[in-house]
Amino acid sequence: MYPITLNLRGRRCLVVGGGAVAERKVQGLLAAEAKVSLVSPDLSPALRELAQAGRIGWQQRAFVPEDAAGAFLIFAATNRPLVQQAVLRAAQEAGALVNVVDMPEACDFQVPAVLRRDGLLLSVATSGASPALAAVLRARLEREIGPEYAVLARLLAALRTPLLKLPLSGPAKKMLFQKMLDSDILQWLRDGRKQRAAAHVEAVFGHLLPVGRILDALPDAPWTDTNP
Ligand SMILES: C[C@@]1(CC(=O)O)C2=NC(=C\c3[nH]c(c(CCC(=O)O)c3CC(=O)O)Cc3[nH]c(c(CC(=O)O)c3CCC(=O)O)/C=C3\N/C(=C\2)[C@@H](CCC(=O)O)[C@]3(C)CC(=O)O)/[C@H]1CCC(=O)O
Ligand SMILES: NC(=O)c1ccc[n+]([C@@H]2O[C@H](COP(=O)([O-])OP(=O)(O)OC[C@H]3O[C@@H](n4cnc5c(N)ncnc54)[C@H](O)[C@@H]3O)[C@@H](O)[C@H]2O)c1
């Protein structure tokens, strides 16, 4: 297995089936801002709500091979082996990436257990050996990796964009980020000590970037008048 993160924003993704497994896959696709269409004679209550709210398109009928046309990625999530086979064939003919939820060996890709902290993604895969183990490890990460990591990621991104425009060597930039992270910054963010964190950012990047303005523009501002 080769891990990648896919940009599905605005891409048409097809889910065949409307049960609990389809529901989980749809939630993952919506979190990635994909354009989801679903084909199934019936829907779970949560999927029904999403269809009624217009967040997914729903064709209320059995799958036909033409449904695969134009899809970038397809999930076969029905409880019928013959339908699963038909979706696999149609997806392959349409050149779409396909996941057949009960045939791991036929999948172009498998879905890992995922922890999202904004854009920060942590995913656990077991190559299909034990999805239950993947879920347990995800729950463990959820306890250890708190929302302060999302704040730190936003902060680093806000510094990195202008920094990339400066005429610094690759190793010099790497050293700056190492200096930034080789500190108690996560603890300060966890404790709400933004002023302490801001002072550290100033010490590392202040001679190169307008740190005050960058921090003020972050959604987590203000950085100057919370717990010192
Ligand atoms: C991670 C997660 C992501 C998601 O689906 O979003 C995911 N399964 C999850 C949960 C889960 N799935 C199952 C159980 C019951 C316990 C158990 O059987 O272990 C639980 C536990 C639960 O419900 O908590 C049953 C199951 N799963 C598959 C089969 C078919 C087979 O193995 O043949 C069967 C047997 C069906 C049957 O009994 O007939 C197949 C796949 N499931 C995968 C992913 C892919 C491999 C990922 C990997 O391990 O690398 C793969 C290959 C294909 C795919 O779906 O992409 C999500 C956890 C989300 C979270 O909580 O964070
Ligand atoms: N990969 C995973 O994570 C995972 C986890 C658990 C179970 N499974 C397997 O996934 C399958 C689905 O599980 P579930 O709990 O969602 O089942 P389910 O019975 O709740 O849902 C099946 C859905 O498929 C629909 N369907 C049936 N025939 C169809 C057709 N011709 N066209 C379109 N839709 C059709 C049904 O209307 C229903 O909505 C099972 O085979 C199960 O063994 C996979």
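Read the numbers this way: they start at 1 and go in the same order the structure lists the ligands and their atoms. We're numbering straight along the sequence, starting at 1.
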Q. Who's closest to atom 52 (C) of ligand 1 heavy-atom-wise, of Met1, Glu142, Glu23, Gln110?
A.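 Residue with the shortest heavy-atom distance to the ligand atom: Gln110.
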Considering only protein heavy atoms, determine whether one is less than 4.0 Å from [atom].
atom                    : value
atom 15 (C) of ligand 1 : no
atom 18 (O) of ligand 1 : no
atom 9 (C) of ligand 1  : yes
atom 36 (C) of ligand 1 : no
atom 6 (O) of ligand 1  : yes

Whether the side chain of [X] engages the backbone of [Y] through a donor-acceptor N/O pair (distance < 3.5 Å, no angle test) should be reported.
X      : Y      : value
Gln84  : Ala76  : yes
Ser169 : Ala172 : yes
Asp67  : Val64  : yes

Q. Where do Ala113 and Ala134 come nearest, in terms of heavy atoms and distance?
A.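 Smallest heavy-atom distance, with atoms named: CB-O, 3.6 Å.
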Q) Of all heavy-atom pairs between Ser127 and Met1, which one has the smallest distance, and what is that distance? A) OG-CG, 4.0 Å
Q: Starting at CD of Glu142, measure out to CG of Leu137 and round the result to the nearest 0.5 Å.
A: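 Between atom CD of Glu142 and atom CG of Leu137 there are 12.5 Å.
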Q) CG/Asn99 to CG/Leu73 distance, rounded to the nearest 0.5 angstrom? A) 8.0 Å
Location of contacts on [X] toward ligand 1, heavy atoms closer than 4.0 Å:
X      : answer
Asn99  : side chain
Lys25  : side chain
Cys107 : neither

Identity and separation of the nearest protein heavy atom to [atom]:
atom                    : result
atom 27 (N) of ligand 1 : Pro131 CG, 3.5 Å
atom 45 (C) of ligand 1 : Val111 O, 3.8 Å
atom 30 (C) of ligand 1 : Val101 O, 3.5 Å
atom 23 (O) of ligand 1 : Arg24 NH1, 4.1 Å
atom 60 (C) of ligand 1 : Arg138 NH2, 3.0 Å
atom 32 (O) of ligand 1 : Pro104 CG, 3.8 Å
atom 58 (C) of ligand 1 : Ala135 CB, 4.1 Å
atom 49 (O) of ligand 1 : Thr126 OG1, 2.5 Å

Would the number of heavy atoms belonging to other residues, nucleotides or ligands and lying under 6.0 Å from [atom1] of [X] be above 12?
X      : atom1 : result
Lys35  : NZ    : no
Glu49  : CD    : no
Leu164 : CG    : yes

Q. Which atoms of ligand 1 are found less than 4.0 Å from any heavy atom of Ala132?
A.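 Selected atoms, number and element: 19 (O).
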Q. What atoms of ligand 1 come within less than 4.0 Å of a heavy atom belonging to Ala125?
A. 50 (O)
Q: Using the six-membered ring of Phe72, assess whether NZ or CZ of Arg11 lies under 6.0 Å from its centre and within 45 degrees of the ring axis.
A: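 Yes - Arg11 lies over the ring of Phe72, closer than 6.0 Å to its centre and within 45° of its axis.
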Q: Would you tell me whether Gln187 and Arg190 have side-chain atoms, one donor and one acceptor, within less than 3.5 Å of each other?
A: yes
Q: Mind checking side chain to side chain donor-acceptor pair (under 3.5 Å) for Arg12 and listing every partner two or more places apart, or none if nothing turns up?
A: Ser37
Q: Determine, using heavy atoms of Pro112 and all atoms of ligand 1, whether some pair is separated by less than 4.0 Å.
A: yes
Q. Between Arg154 and Asp220, is the closest basic N to carboxylate O distance under 4.0 Å?
A. yes
Q | Aromatic contact, Phe75 with Phe109 (centres under 6.0 Å) | A | yes
(Q) Is the ring pair Phe205/Phe177 parallel, tilted or perpendicular, if the boundaries are 30 and 60 degrees? (A)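 Tilted: the ring planes of Phe205 and Phe177 meet at 30° to 60°.
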Q: Kindly tell me which protein residues have any non-hydrogen atom under 4.0 angstrom away from an atom of ligand 2, grouped by chain and ordered by number?
A: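 Residue list for ligand 2: Val16, Gly17, Gly18, Gly19, Ala20, Val21, Arg24, Lys25, Val39, Ser40, Pro41, Asp42, Ala62, Phe63, Ala77, Thr78, Asn79, Arg80, Val83, Val101, Asp102.
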